[in-house]
Amino acid sequence: MRTTEETEGFDGEASNTSMISGASSPYQPTTEPVLSRNVLGAMRCDMEYLMSYFGILKAVEVVLSLISFICIETIMMCSPCGGVYLFEFVSCSAFVVTGVLLLIFCLNLHIKVPQVNWNLTDLVNTATSTFLFFLSSLLLACINHDTGAEKAAVVFGFLVTGVFGLNTFLAVRRWRRGNGCQAAAQTSEYMRARTASRGEMEARPELA
């Protein structure tokens, strides 16, 4: 019979052996935390976009829309106020929406959401802002009280209308170019498939 000391000795040796084998095993568990991808921390400002035509136009649009909104907000009294209210709404909306799009393109967030046609979204925003700024500026120019704030708002309103109009023209060209490239790619893929199918038919005449 084994004595108690011998039993304890065997148990100690077994436990030591299991500890050594566990330490040397490549499948030992780890307590290190798994680092999750920090999407916000990986974002970087795209200086190339900011220096492009679209980036510069977007920045100018945001600044002019903000100046127009500040000018119209300094008007204390108006009668009638329809033109003032419309210009206020248009300038504020254009500033917010265009500013958000500028951030999205600068931080390359549009790449993370490819389901959205961002070129078409930008085109719709610029075209709508062009029309609304022109309409509100024209209405404010016709219905005003010759105050300095109203005149300044009209001037900046027509300036930002011109910038949005130029951006719309460039956005239309980019959108058409993108659709043309996509159609050409689809046509090329179709012709490649037709050529491959024809070659297979020639190689295997029994399929004809």
Side-chain angles (χ1 to χ4, degrees), residues 30-75 84-137 140 149 152-189:
T30 178
T31 57
E32 296 180 358
V34 179
L35 298 178
S36 59
R37 295 182 179 179
N38 191 351
V39 178
L40 295 178
M43 290 189 304
R44 294 291 183 271
C45 183
D46 189 359
M47 297 303 300
E48 183 178 355
Y49 175 79
L50 280 178
M51 299 304 296
S52 65
Y53 292 119
F54 288 101
I56 295 174
L57 288 175
K58 280 281 184 297
V60 174
E61 289 163 2
V62 171
V63 173
L64 291 180
S65 298
L66 178 60
I67 295 176
S68 302
F69 179 72
I70 292 174
C71 291
I72 205 67
E73 282 297 306
T74 58
I75 299 175
V84 174
Y85 292 156
L86 178 60
F87 191 91
E88 179 182 13
F89 170 76
V90 171
S91 58
C92 180
S93 301
F95 169 72
V96 173
V97 176
T98 307
V100 170
L101 287 177
L102 178 61
L103 288 177
I104 289 175
F105 288 123
C106 284
L107 300 178
N108 289 327
L109 297 179
H110 61 289
I111 300 178
K112 303 180 183 300
V113 190
Q115 295 81 6
V116 179
N117 191 337
W118 292 104
N119 291 336
L120 182 59
T121 302
D122 182 39
L123 173 59
V124 171
N125 174 66
T126 53
T128 304
S129 299
T130 301
F131 173 74
L132 292 180
F133 253 119
F134 176 76
L135 180 63
S136 60
S137 300
L140 187 63
V154 169
V155 172
F156 283 106
F158 281 117
L159 283 177
V160 73
T161 299
V163 177
F164 271 116
L166 178 60
N167 196 355
T168 302
F169 173 74
L170 295 177
V172 169
R173 287 180 53 185
R174 181 179 61 181
W175 181 65
R176 289 180 175 177
R177 191 184 306 117
N179 285 347
C181 293
Q182 183 178 2
Q186 292 177 353
T187 303
S188 176
E189 187 67 23

Exercise for the section: Rounded to the nearest 0.5 Å, what's the gap from CG on N117 to OG1 on T121? Could you check? Expected result: 6.0 Å

Practice task
May I ask you to test the I104-V100 pair for a side-chain heavy-atom distance under 4.5 Å?
Solution key: yes

Completion exercise
Smallest heavy-atom separation, F87 atom then A153 atom, equals CZ-O, 3.2 Å

Practice task
First locate atom CG of L135, then atom CG of L86, and finally report the distance between them rounded to the nearest 0.5 Å.
Solution key: 6.0 Å

Completion exercise
Residue set satisfying side chain to side chain donor-acceptor pair (under 3.5 Å) with T130, at least two apart, ordered chain then number -> T168

Taking only distance into account, with no hydrogens and no angle test, what donor-acceptor pairs under 3.5 Å do side-chain atoms of residues 45-57 form with protein atoms, sequence neighbours excluded?
| unit_1 | atom_1 | unit_2 | atom_2 | d |
| --- | --- | --- | --- | --- |
| D46 | OD1 | E48 | N | 3.2 |
| S52 | OG | Y49 | O | 2.5 |
| S52 | OG | G55 | N | 3.4 |

Fill in the blank from the handout: Taken to the nearest 0.5 Å, the spacing of S136 OG from F131 CZ works out to 10.0 Å

Exercise for the section: Return each pair, listed once, that meets salt bridge (Lys or Arg N to Asp or Glu O under 4.0 Å) where at least one residue sits in residues 84-100; pairs must be two or more places apart or across chains. Expected result: none

Exercise for the section: Could I get the full list of side chain to side chain contact (heavy atoms under 4.5 Å, CB included) partners for L132, not counting sequence neighbours? Expected result: V90, T128

Problem - Any side-chain heavy-atom pair of F134 and F164 under 4.5 Å - result: no

Do any side-chain atoms of residues 63-74 form donor-acceptor pairs under 3.5 angstrom with protein atoms, and if so which ones, sequence neighbours left out?
| unit_1 | atom_1 | unit_2 | atom_2 | d |
| --- | --- | --- | --- | --- |
| S65 | OG | E61 | O | 2.7 |
| S68 | OG | L64 | O | 2.8 |
| T74 | OG1 | C71 | O | 2.5 |

Problem - Within residues 122-131 or reaching into it, pairs that qualify as salt bridge (Lys or Arg N to Asp or Glu O under 4.0 Å) - sequence neighbours excluded - result: K58-D122, D122-R174

Fill in the blank from the handout: residues 97-109 vs salt bridge (Lys or Arg N to Asp or Glu O under 4.0 Å), sequence neighbours excluded, gives none

Exercise for the section: Taking the side chain as every heavy atom from C-beta outward, state whether F133 and F158 have any atom pair closer than 4.5 Å. Expected result: no

Exercise for the section: Taking T126 for its side chain and L123 for its backbone only, find out whether a donor-acceptor pair lies under 3.5 Å. Expected result: yes

Practice task
Check for a donor-acceptor pair, side chain of W118 on one end and backbone N or O of F105 on the other, with a separation under 3.5 Å.
Solution key: no

